[in-house]
Number of protein chains: 2
Amino acid sequence: MVKLPDAFVNFKVVINNHLSIELLSMNDRISENTLKSFRAFVNKFILTDDKLFDTLISNFEYKKVARKELLLEASKTANKIFFLSEGFVRFYHTKNDGTEVTSDFYFAPGFITSFTSFIDQKPSIVNIQAMVKMDVLFIKYKDLMALYDNEHKVERLGRLLAEQVFITSEKHLLSFLNDTPQDRYLWLMKEYPEYVKNIPLHYLASYLGITAESLSRIRNRSVK
Amino acid sequence: MVKLPDAFVNFKVVINNHLSIELLSMNDRISENTLKSFRAFVNKFILTDDKLFDTLISNFEYKKVARKELLLEASKTANKIFFLSEGFVRFYHTKNDGTEVTSDFYFAPGFITSFTSFIDQKPSIVNIQAMVKMDVLFIKYKDLMALYDNEHKVERLGRLLAEQVFITSEKHLLSFLNDTPQDRYLWLMKEYPEYVKNIPLHYLASYLGITAESLSRIRNRSVK
DNA sequence: TAAAATTCTTGACTTAAGTTAAGAAATTAT
DNA sequence: ATAATTTCTTAACTTAAGTCAAGAATTTTA
């Protein structure tokens, strides 16, 4: 196994010199798959020619993340947006009474951060935790703002991503207004069976807004 | 009282010919206050010179809306974004079991539509109902898309608004994960006392995710 | 202003989820 | 491989909210 640095700081330069993605992946610093996944994801929202894609990717850095590692810690301001090409993350925070609440899961591929913290550049309520070992790309706040200023298409990407993040949030919200905890669990099972299997029940429970004991009972009720 | 047409279709032309806001308001077609409120609101997000503001406003139309009138009907695709300079609206939909759920309230000033319908141009789940008589401005989907293409700053406005709408939605969502219905009611009372007074209890109840009977009891518990 | 419609409250009872506690099962770390 | 930790289940009991129903209060409308 090749030992890798936490972040490959020369990444920007390499891309700007138009060395190929293939060369980068040969260096084993960032996988070809990660870059392909990134480009494919971005291209779902905006059309990028090679020049724009180079400009975009050259603002990203690369990082290896261990299972359970925090991508963002509560009380710190989110100054990065991460791109997940694989794996998934958990959002959680601590309530006044000390109990921990899992508020969200985000699955690859996608851009993730605490948008509420990132957008207004104020301390985050939530922690973001890697649920599995993963490689991520990330861009810093000030670099993204500069891209927004200089590249209309990247601003569009930002708009489209914000819109989609909103739609996801609204769906989650509506599940609380429309469905019982039991309904929400059954829906989750049907929609994301692979994940439900791999997520500890007490995380799922608090995501559904109930206790682990209640979810355990719901699960047993459903079996019969 | 002056009789007004439902929508003043010549509005675009007047603005494009650089006739003044004052003239418009003298015609009693759209109030000076509405336009001022619109410009002030937009300027919280982007800096508009007169040229850009004219371009922007010339794409909007004006409409008088009666209390209880629907700005958007469920099953139809939202093809407009409205600007509310006054008043507030209610979002509601009907569940499979026939019960009506109030999912949201939006208060002026602000841009409102069913973003989930508008963004992906698919049929809306929700109805949007005016809670009071009001004047609104609105822009059509295709006109906004054209503005996004031609005016980077308007695209930025779109991004910033989508971001803020997301933040609002996330707050609402977190209130379900963090707080009891009673907590949520007390918070609402503290934050928006004026509105709580004017919104029928059964609307508030379903917004909080509980029945009207439960909210009535919560309210009486709180008094003691 | 009187009738109609809507909004709000209260009571009796049911139900689903919370709480506390204990221990079993499974996974992770040494 | 074993100990430590985490995850999951079950039981007994409590509590908050749901349901159904009836009627009072308020607002709207004709």
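By convention in this document, chain letters (A, B, ...) are assigned in the order of the sequence lines, proteins followed by strands, and residues within each chain are numbered from 1.
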In chain order, what residues pass the side-chain hydrogen bond (donor to acceptor under 3.5 Å, both in side chains) check against B/N43, with sequence neighbours excluded? B/T48
In whole angstrom, what separates B/D183's CG from C/dG18's C1'? 14 Å
side-chain hydrogen bond (donor to acceptor under 3.5 Å, both in side chains) partners for B/T180, two or more places apart: B/D183
Contact state string [nucleotides 22-30 of chain C, B base, S sugar-phosphate only, - no protein heavy atom under 4.0 Å]: ------S--
Non-neighbouring partners of A/E69 that pass side-chain hydrogen bond (donor to acceptor under 3.5 Å, both in side chains), sequence neighbours left out: A/K63
Solution key, residues 73-83 of chain A side-chain donor-acceptor pairs under 3.5 Å, sequence neighbours excluded:
| from | atom 1 | to | atom 2 | distance (Å) |
| --- | --- | --- | --- | --- |
| A/E73 | OE1 | A/K76 | NZ | 3.4 |

With a 3.5 Å cut-off and sequence neighbours excluded, list the donor-acceptor pairs that the side chains of residues 191-200 of chain A form with protein atoms.
| from | atom 1 | to | atom 2 | distance (Å) |
| --- | --- | --- | --- | --- |
| A/N198 | ND2 | A/E194 | O | 2.9 |

Value in whole Å for how far the P atom of C/dT6 lies from CE of B/M131: 14 Å
Charged N-O contact under 4.0 Å between B/R184 and B/D179: no
Looking at residues 194-207 of chain A, who's got a heavy atom less than 4.0 Å off DNA chain D? A/P200, A/L201, A/H202
Once side-chain contact (heavy atoms from CB on, under 4.5 Å) is applied, do any residues pair with A/S124, and if so which ones, sequence neighbours excluded? A/L72, A/S114, A/S117, A/V126
Restricting to nitrogen or oxygen on both sides, can you table the protein-nucleotides 16-18 of chain D pairs closer than 3.5 Å?
| from | atom 1 | to | atom 2 | distance (Å) |
| --- | --- | --- | --- | --- |
| D/dA17 | OP2 | B/R221 | NH2 | 2.8 |
| D/dG18 | OP2 | B/T211 | N | 3.1 |
| D/dG18 | OP2 | B/T211 | OG1 | 3.0 |
| D/dG18 | OP2 | B/S214 | OG | 2.4 |

Which residues satisfy the side-chain contact (heavy atoms from CB on, under 4.5 Å) test with A/N33, sequence neighbours excluded? A/S31
Could I get the full list of salt bridge (Lys or Arg N to Asp or Glu O under 4.0 Å) partners for B/R90, not counting sequence neighbours? B/E100
Using whole Å, what does the distance between atom C1' of nucleotide C/dT7 and atom CZ of B/R90 come to? 13 Å
Does B/F176 have any ring pair (Phe, Tyr, Trp, His ring centres under 6.0 Å) partners at least two apart in sequence or in another chain, and if so, which? A/F176, B/H172
